[in-house]
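A, B, ... follow the sequence lines: proteins, then strands. Residue 1 opens every chain.
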Amino acid sequence: MNTEIKILDTPLDVAGCIDWVMSPDAGGIDVFVGTVRNATKGKPVVRLEFEAYEPMAIKELEKITQQSFAKWPLIRVLVHHRIGILSVGEVPVVIAVSAAHRDAAFDACRYIIDTLKQTVPIWKKEIFEDGEVWVAAHP
Amino acid sequence: MNTEIKILDTPLDVAGCIDWVMSPDAGGIDVFVGTVRNATKGKPVVRLEFEAYEPMAIKELEKITQQSFAKWPLIRVLVHHRIGILSVGEVPVVIAVSAAHRDAAFDACRYIIDTLKQTVPIWKKEIFEDGEVWVAAHP
Amino acid sequence: MNINILAFGIAKDIFGSPVIELELTNNATVSNIKYLLEQRYPRLKQLSSYMIAVNNEYALPEDTIHHHDEVAVIPPVSGG
Amino acid sequence: MNINILAFGIAKDIFGSPVIELELTNNATVSNIKYLLEQRYPRLKQLSSYMIAVNNEYALPEDTIHHHDEVAVIPPVSGG
């Protein structure tokens, strides 16, 4: 198989993700690693909580990766998204794309993270010292 | 320091490179991992040899990373390039860029690899079953 | 018919539960569900937007709901 | 003055050595160096292009060479 999509409640293995997309046909791999920032608009973040509607999230991610294979000549695509409680510096998402030529890998990796953030049913709650907010919920 | 540039004659540590650019201020990391392809224009590649004019290569890489910090709001930038003999599947280059927002990380990482391939004095020789070629040397 | 409505993110907080039950007529549409939900949970109207998913796919307002459909409220997503 | 010329990649193969010595007049330019090198090593003219670096910087054709400069032949690069 050329695609691996997982929603995990354990720390993501970034090196393992990159190994998975490696291939003797590949000339370049682009990897996006999301990390939990320590602040939002200057306000310190204590931790994050991610929640997914899992079967639908997997289905939407499959659509996005299939679209990527249709748009670019790719070799392998991996998307791992973490759920549960994350501290500052931890990794909520890893997207890794291998291709014979690097332009396709860059374009596809960026397309996947941009589209994931628009369509995949996963939600992030930011917990501050004095309260908590579901990101993007309100205008 | 926010920049690490190295020319190494030992296998590159991709996971260590990503760890190095991680930061509590970062929201996204983009990583480019070059890999040795098994063929060039359909012809099987046995191995590659990379050679660098080291002091000048470091100087040119410093220019590129400084330009990147001038062009985009970045947090950390790492470039590790390997020299010597590499087999198919091995990693000649890792570029890792962290930023508060992912667009800057993607743009800078792509700019660095594109510019590296144009200006940094490093040379690649492809060794085939029946001969060898310095890549890009002849028209 | 009675349909379970799954809720995630802020919708779960607004409902006070990850799933609620809604009584619908047989030809109920996604639009009808949104109307009923907003009647019962006015805070839904304060969201930037929200979608209804039917059987793990984003649904259109005119789509009709059938007895064994899995229906979910999808507030603005924020993964990645 | 005698200047060492460093060579890399295919230039090293053409010279048969990682460094050669060239005798130059005092006001010699990068252009003059290229001319002398191409005279002695005509295969250089078959390259897609090549540059001269002086003290680890790409040099212009009109730049002049001084006694302690580090001079190198830079054939088309292919790193990454």
I need the residue from V93(B), V135(B), L48(B), I58(B) with the largest number of non-hydrogen atom pairs under 4.5 Å to chain D.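 Looking at each of V93(B), V135(B), L48(B), I58(B) in turn, V135(B) comes out on top.
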
Take atom [atom1] of [X] as the centre, draw a 6.0 Å sphere, and report whether it contains more than 12 heavy atoms from other residues, nucleotides or ligands.
X: N27(D); atom1: CG; value: no
X: E129(B); atom1: CD; value: no
X: E62(D); atom1: CD; value: yes

Proximal component of D13(D), with respect to chain B [non-hydrogen, under 4.5 Å]: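 Only the side chain of D13(D) comes within 4.5 Å of chain B.
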
Contacts of residues 29-52 of chain D with chain B (heavy atom under 4.5 Å):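 At a heavy-atom separation under 4.5 Å, chain B is reached by Q46(D), L47(D), S48(D).
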
With a 4.5 angstrom heavy-atom cut-off, which part of [X] approaches chain D: side chain, backbone, both or neither?
X: E49(B); answer: neither
X: V120(B); answer: backbone
X: P92(B); answer: side chain
X: K59(B); answer: side chain
X: A52(B); answer: backbone
X: Y53(B); answer: both

For chain D, find its close neighbours in residues 61-81 of chain B: heavy-atom separation under 4.5 Å, sorted by number, or none.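 So far as heavy atoms go, K63(B), H81(B) are the residues that approach chain D to under 4.5 Å.
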
Check [X] against [Y] and note the closest heavy-atom contact, atom names and distance.
X: M56(B); Y: N56(D); answer: CG-O, 3.3 Å
X: W123(B); Y: P76(D); answer: CD1-O, 3.2 Å
X: V77(D); Y: A136(B); answer: O-CB, 4.3 Å

Enter the distance from E51(B):CD to I10(D):CD1 here, rounded to the nearest 0.5 Å.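 Between E51(B) CD and I10(D) CD1, I get 11.5 Å after rounding to 0.5 Å.
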
